[in-house]
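Written below as C-alpha cells is the structure these notes are about.
Numbers restart at 1 for each chain; the letters A, B, ... are given by sequence-line order, proteins then strands.
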Amino acid sequence: SQKIEQNSEALNIQEGKTATLTCNYTNYSPAYLQWYRQDPGRGPVFLLLIRENEKEKRKERLKVTFDTTLKQSLFHITASQPADSATYLCALAGGSSNTGKLIFGQGTTLQVKP
Amino acid sequence: ETGVTQTPRHLVMGMTNKKSLKCEQHLGHNAMYWYKQSAKKPLELMFVYSLEERVENNSVPSRFSPECPNSSHLFLHLHTLQPEDSALYLCASSQGGQNYGYTFGSGTRLTVV
C-alpha cells in the first residue's frame, strides 16, 4: 500500500539556522508533491507545490526538492525564526483522477528556539 | 480567515445524537473535501465532491453522511457516533485537479461522549 513517512520526532533548531524536513514515500508515483504548515487547533495552510519534472522550487525563505528516484522530498526553511515553529505536512497527488485527491504524511513538528 | 469557514468550531455530542457540520467557501473552487484528523495520525480523506458530485467515499462508515447542495456548501451529517470518532474534522476546497493547493478551514473539534 502507499506509504508516506515524515520524521515523527520533533525537530529542534536554533533561530537563524536552516531547518530541513524530510518526506519519503513508497509504493507510489506521485505527479505532484505539496507542503503545508499546520498550527495547533488550526487547519493546514498550503505553502508550496512541486511537480515530478521539477527538481527544486523556492518561495521566499522556503525551498523544496523532489527526487523521484530516491522517492524523497526535502523541505528547507532558511534563516529560521521562532514564528516558523509549527507542524509541517507533506502531501502527494497522482493518478488520472481530476479530483486532486491528496494523501498526507503524519507531519513533522519544528521548534525554533530564540 | 482562509476563505473556507467551518461551523461549529467545537461540538460535544452523545452517541445517540444527530448533528451536522457545515463548511462554506466563496473562493470559486469546484472541489470540496472532508478530512478526519486524529491525534498522532495523518489526515484521513473521507469524501470528495467535484462539481457537486460525490466522486470518492473512502470506506467511511454510514454513520457519516455528506451532502453538497451547491458548489459553495458542504455538510457532514453525523448520527450514532462512537467515542473513537472524536477528532478534528477538516473541510477543504480546491480548483480541482492535482495542480492546486487546498484551502482548509479551521476545523470542527468533535468530542463524542
Query raised in the report: Taking everything shown except A/E60 itself, do over 12 heavy atoms lie less than 6.0 Å from its CD?
Result: no
Of all heavy-atom pairs linking B/R9 and A/G41, the shortest is NH2-O, 3.3 Å
Review point. Under 4.5 Å between side-chain heavy atoms, hopping through other hydrophobics if needed: is there a path connecting B/L81 to B/L11?
Key: yes
Does A/Q14 have more than 12 heavy atoms from other residues, nucleotides or ligands lying within 6.0 Å of its CD?
yes
Discussion item. Do B/V60 and B/L110 land in one hydrophobic cluster if side-chain heavy atoms of ILVMFWY residues count as linked below 4.5 Å?
Written reply: yes
Check your understanding: Are A/L74 and A/L49 connected, step by step, through hydrophobic side chains (Ile, Leu, Val, Met, Phe, Trp, Tyr) whose heavy atoms are closer than 4.5 Å?
Key -> no
Closest heavy-atom pair, B/Y102 versus A/Y36, reported as atoms and distance to 0.1 Å, is N-OH, 2.8 Å
Whatever's closer than 4.5 Å to a heavy atom in chain A on B/Q37 counts as side chain
| said: Membership question, hydrophobic clusters at under 4.5 Å side-chain separation (ILVMFWY): are A/F75 and A/I50 in the same one? | reply: yes
Okay, B/L45 and chain A: the region with an atom under 4.5 Å from a heavy atom over there is side chain
Expected contact set for residues 103-114 of chain A against chain B at heavy-atom separation under 4.5 Å reads A/F104, A/G105, A/Q106
Okay, A/L47 and chain B: the region with an atom under 4.5 Å from a heavy atom over there is neither
So, the part of A/Q6 with a heavy atom under 4.5 Å from chain B: the answer is neither
Legend entry - ILVMFWY network linking A/Y25 to A/L70, side-chain heavy atoms under 4.5 angstrom: no
Exercise for review: Count the heavy atoms of every other residue, nucleotide or ligand shown that sit under 6.0 Å from NZ of A/K71, and state whether that count exceeds 12.
Suggested key: yes
Between B/S94 and A/L102, is there a side-chain heavy-atom distance shorter than 4.5 Å? no
When every non-hydrogen atom of A/G43 is compared with those of B/L90, the smallest separation belongs to CA-CD2, 3.7 Å
Scanning both residues in full, the closest heavy-atom pair of B/L88 with A/Q38 reads CD2-NE2, 4.3 Å
Shortest non-hydrogen pair, B/G101 vs A/Q34, comes out as CA-OE1, 3.5 Å
